[in-house]
Structure formats: structure tokens, C-alpha cells
Amino acid sequence: MTSRATGKRVRKAPGERRSELVATAARIGLTEGLECVTLRRVADELSVQPGLVGHYFPAADELVAEAFTHATMKELDGLLPSEPDDPLHTFRRFFGLTTSAEFDDVSKLWLNARHLSRYRPVLREHVIKQELLWCRRLEELITAGTAAGLFACADPWGAATRILVAIDGASAYVNTTADHRRTPTADMPRTVAESELGLRRGMLLAD
């Protein structure tokens, strides 16, 4: 008679399990929208009981907010390293990536989160925090480039804010205009940045 061993589910450490839940929710939010992030959906993705997800996130809104932050922080660290080696190269790479199809999901996520934040206070707090963080990271990059003599900018914070507003404005059409990268608005964020940083037109084109 052949005996069959019964498999046991491995119990994960609380921190590891929580990170797994947030990362899964972030993936769903990026690809399908934050409205699709529910306790049951995350549980189904991980083949666990909804009660387990609810143990870590009693309120679904908290999971949605953390999913948004997780996704946008990952993009921020990839686009704007906290300690860039070359501010000019970093800006060129930044605009090359933010105007590519690879950034579409992030653009849609920001639009989605800003809309939902009207009705979800917890998400609104996370959106505001991320907006300030992205502005601060850009300000630091501009300050470093100005100190190195690469840029001419008297107001790094103001410049960072205006550049992000230009990016958000161009990204607002990501859901409605399939060929938006071929329209005059496609280069607007980059040309705004070049003006703000005292650079010649085309200086921030991707390498």
C-alpha cells in the first residue's frame, strides 16, 4: 500500500505576508484599476482565505491606498533615484521613460487614484503624500544639477511642481487618445522642463 504525504501550508512571517498582500494588490491596481482591489480578489490571487487578508487589512480602503503607494514608489525609485550620478542623464532617461508605453499603467493609476480619492479619505492622504514625494525628488535632482552648473534654476521647488503638472496634463489623455505621443502635447513636459532649467530645446531628449 502506498502512502501519500499530505502537504502543509507554510506559515509566513507577518511582515512577509503583509508585503505579499500589498504587492499583489498593487499589481491588480496597475493592470485593472484600483476598483478591482478587494479583499476577496487579493485572496483569490494568492489562493488564501479572504479572512486572512482581512486580518491584515480590516478595511479594504487601507489596502487600496497601500497598493497605490507601493506601485508609485516602485516607479519613483526607478525613474528618479534618490542619489543620481548625473542629473542631466537622469532627466533624459526620466522623460524617455515617462513618454513611453511602459509608463501608461502608472499614468492610468494616478488618474484612477485621484478620482477615487474624492470619496476615499485614506487614499487621498496617500495621493497627497506621493505627490509631495515626487515633487521633492524632482526638486533634489534640479538642485543637484544647478549646483553642478548643468542647470540654471532659481526656484527648484517651483520648477519641480510645474514639470509634474505638465506631465500630469499630458498623461490625462492616456485613456482617450491612443496616439497621444504623436500629438503636440507629447513633448510638452520635456520642453517645459528645458525652459525651467535654462536648457536649449532638445537638451533633454533621451540619449
Side-chain angles (χ1 to χ4, degrees), residues 3-83 94 97-138 140 164-165 167-178 180:
S3 62
R4 184 171 58 186
T6 57
K8 292 184 177 180
R9 186 183 297 276
V10 178
R11 184 183 296 275
K12 296 185 178 181
E16 182 184 1
R17 176 64 78 184
R18 194 178 196 282
S19 296
E20 180 184 51
L21 297 174
V22 172
T24 301
R27 185 175 66 252
I28 295 169
L30 267 172
T31 57
E32 301 178 37
L34 292 171
E35 296 91 340
C36 295
V37 176
T38 64
L39 302 187
R40 178 169 294 280
R41 176 61 192 283
V42 172
D44 288 346
E45 287 288 319
L46 294 172
S47 299
V48 300
Q49 294 297 318
L52 176 64
V53 185
H55 172 74
Y56 289 91
F57 296 96
D61 278 1
E62 183 181 347
L63 178 56
V64 169
E66 292 211 24
F68 166 76
T69 292
H70 178 88
T72 51
M73 272 303 303
K74 185 176 180 180
E75 288 299 320
L76 175 60
D77 289 336
L79 291 167
L80 294 170
S82 56
E83 295 183 5
F94 174 75
L97 291 173
T98 55
T99 55
S100 71
E102 295 176 28
F103 197 67
D104 279 1
D105 283 345
V106 181
S107 295
K108 292 174 183 178
L109 183 68
W110 274 101
L111 284 173
N112 189 202
R114 285 184 169 124
H115 170 67
L116 292 179
S117 67
R118 294 178 59 194
Y119 319 103
R120 303 188 182 189
V122 178
L123 178 59
R124 181 165 60 248
E125 291 177 7
H126 281 246
V127 169
I128 292 171
K129 184 176 180 179
Q130 283 299 300
E131 286 174 340
L132 292 174
L133 191 57
W134 280 62
C135 252
R136 187 66 65 192
R137 194 73 65 87
L138 265 181
E140 292 168 354
L164 283 178
V165 168
I167 291 172
D168 288 339
S171 297
Y173 296 92
V174 69
N175 286 325
T176 58
T177 309
H180 66 283

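Treat the numbers as computed from the prediction; the structure is a model and nothing was measured.
Rounding to the nearest 0.5 Å gives a distance of 9.0 Å between OG1 of Thr24 and NE2 of His70. Note that the CG atom of Leu39 and the CG atom of Asp44 stand 11.0 Å from one another [nearest 0.5 Å]. One distance of note links CG of Leu109 with CG of Asp104; it measures 12.5 Å at 0.5 Å rounding. Atom NE2 in His126 sits 10.0 Å away from atom OG1 in Thr72 (nearest 0.5 Å). Distance CG/Leu133 to CD1/Ile128: 13.5 Å, rounded to 0.5 Å. Atom CG of Leu138 and atom CG of Leu164 lie 4.5 Å apart (nearest 0.5 Å).
The shortest non-hydrogen separation linking Ala113 to Leu123 is O-CD2, 3.7 Å. Among all heavy-atom pairs drawn from Asn112 and Leu34, the shortest one is OD1-N, 2.6 Å. Taking all atoms of both residues into account, the shortest heavy-atom contact from Val122 to Ala65 is CG1-CB, 3.8 Å. Minimum interatomic distance between Ser171 and Leu111 (heavy atoms only, all atoms of both residues): O-CD1, 3.7 Å. Contact between Val37 and Val64 at its shortest, heavy atoms only, is O-CG2, 3.7 Å. Nearest heavy atoms, Phe103 versus Leu97: CB-O, 3.4 Å.
Considering only heavy atoms from C-beta on, Phe94 comes within 4.5 Å of Ile167 through its side chain.
Salt bridge annotation for Glu45-Arg41: present, with a cationic side-chain nitrogen under 4.0 angstrom from a carboxylate oxygen. Ionic pairing of Glu75 and Arg137 is not present here: no N-O contact between side-chain nitrogen and carboxylate oxygen is shorter than 4.0 angstrom.
The ring-ring contact (aromatic ring centres under 6.0 Å, His included) pairs that include a residue from residues 28-58 number zero, where partners must be two or more places apart or lie in different chains.
Partners of Arg114 according to the side-chain hydrogen bond (donor to acceptor under 3.5 Å, both in side chains) rule, which considers only residues two or more places apart in sequence or in another chain, are Glu131, Asp168.
Around the CD atom of Gln49, the shell of radius 6.0 Å holds no more than 12 heavy atoms that belong to other residues, nucleotides or ligands.
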> Given the rule in the side chain to side chain contact (heavy atoms under 4.5 Å, CB included) test, do Glu20 and Leu46 qualify, once you have shown the distances and angles that lead to the verdict?
Replying inline: CA-CA 9 Å; Glu20 180 184 51; Leu46 294 172; 3.9 Å; yes
